[in-house]
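The structure under discussion appears below in the form of structure tokens.
So you know, we letter chains A, B, ... as the sequences are listed, proteins then strands, and number each from 1.
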Amino acid sequence: MSGLIGKKIGMTSLYNADGQALACTVIQAGPCVVTQVRSEEKDGYKAIQLGFGEKKEKNSTQPMIGHFKKANTTPKQKVVEFKEFEVEHELGTSLSVTDIFEEGEFVDVVGSAKGRGFQGVVKRHGFAGVGGQTHGQHNRARHPGSIGACSFPSRVFKGIRMGGRMGNNRVKIQNLRILKVIPEQNILVVSGSVPGSKNSFLIIEK
Amino acid sequence: MSELIKLVEATIENRKSEYPDFGSGDTINVHVKIREGNKERVQQFQGTVMQRRNLNSSGETFTVRKISNGIAVERVFPILSPSIAKIELIRRGKVRRSRLFYLRGRQGKAARIKELKVAK
């Protein structure tokens, strides 16, 4: 698996040959720097670690500054490890979009979903609500209803879906087609939407 | 909007300058390319422009309404869509609002739009 770290820029629409508008997401993918190479002999598995996004030295910790110094680069905002990278790279090499991705390929995009706060069961789990507004129903249209039986089992089973904090979790969207690659600005345009807000970090896997 | 998004939108082929300047109330004839199997042919759709939306963005669209065999048909075209071959301006209309949704409730004589006479 190879990939890059990127940043979500925003959404727009492009047109295909049939004249249909396609919703697409603009991602700034790379340039990423190889900050560590993990090998079978030393670490027990093969992987490379990539760094993305500039970070001020005064905002970085001494251990991280030392880590980046080994790769001969400046401190990075985001560091991600990719297992079994298809092509072997040396420490300190810079990877751009065109090194990894091509137009027409399919990629998976991982990001952190927007936080929704405390949400009820209708939004969080897709419950249908009570349904009617008549027959005496007056104040529980979006309630979950019963959460279990009565004197047996005398408790609520674990894992019953209820209201609570929603969003802000890791989400992977699979099989997004790459519509366009602009090498100068390291721009990747994929069809469809990706998780997270604008300027949030994304992992693009191939 | 981000400069990087503008950069992506700039890669769409923009043929807006080839089209006539039209707006709500105008009667236009849109030539639409239609693909049937491997063949491509051009179909015409003539009617009144009801609205233009999201002006000067890559998602700009316009709505055309026509009466076809007694049944009203409304069609929405993205203005940057490559399937639009040509747009002809047939007649300018004199209207006082930008969205002509009131046409939906009218038939026959009541749905007429006065012609806008442009001084030469």
| residues 104-117 of chain B: residues contacting chain A (heavy atom under 4.5 Å, by number) | none
| query | Are the charged groups of A/Lys46 and A/Glu40 less than 4.0 angstrom apart, N to O? | reply | no
| remark: side-chain contact (heavy atoms from CB on, under 4.5 Å) test vs B/Lys86 passes for just one of B/Arg15, B/His31, B/Lys33, B/Gln44, namely B/His31
| query | Are B/Lys66 and B/Phe45 in a cation-pi setup, meaning NZ or CZ lies under 6.0 angstrom from the ring centre and within 45 degrees of the ring axis? | reply | yes
| Does atom CZ of A/Arg165 have more than 12 heavy-atom neighbours, drawn from other residues, nucleotides or ligands, at distances under 6.0 Å? | no
| Under 4.5 Å from a heavy atom of chain B, the part of A/Ile182 involved | side chain
| field | B/Ile87 versus B/Ile84, closest heavy-atom pair with distance | value | CG1-CG2, 3.9 Å
| request: Please determine if A/Lys83 forms a cation-pi arrangement with A/Tyr45, meaning its NZ or CZ atom is less than 6.0 Å from the six-membered ring centre and no more than 45° off the ring axis. | output: yes
| message | What part of B/Leu80 gets within 4.5 angstrom of chain A, counting heavy atoms only: side chain, backbone, both, or neither? | response | both
| message | Could you check whether any side-chain N or O of A/Gln137 sits under 3.5 Å from a backbone N or O of A/Asn139, counting only pairs where one atom can act as donor and the other as acceptor? | response | yes
| Part of B/Ser58 lying under 4.5 Å from any heavy atom of chain A | both
| note | On a heavy-atom basis, the closest approach of A/Ser193 and A/Thr25 is CA-OG1, 3.5 Å
| note | Among B/Leu4, B/Thr61, B/Ile12, the residue with the most heavy-atom pairs under 4.5 Å to chain A is B/Leu4
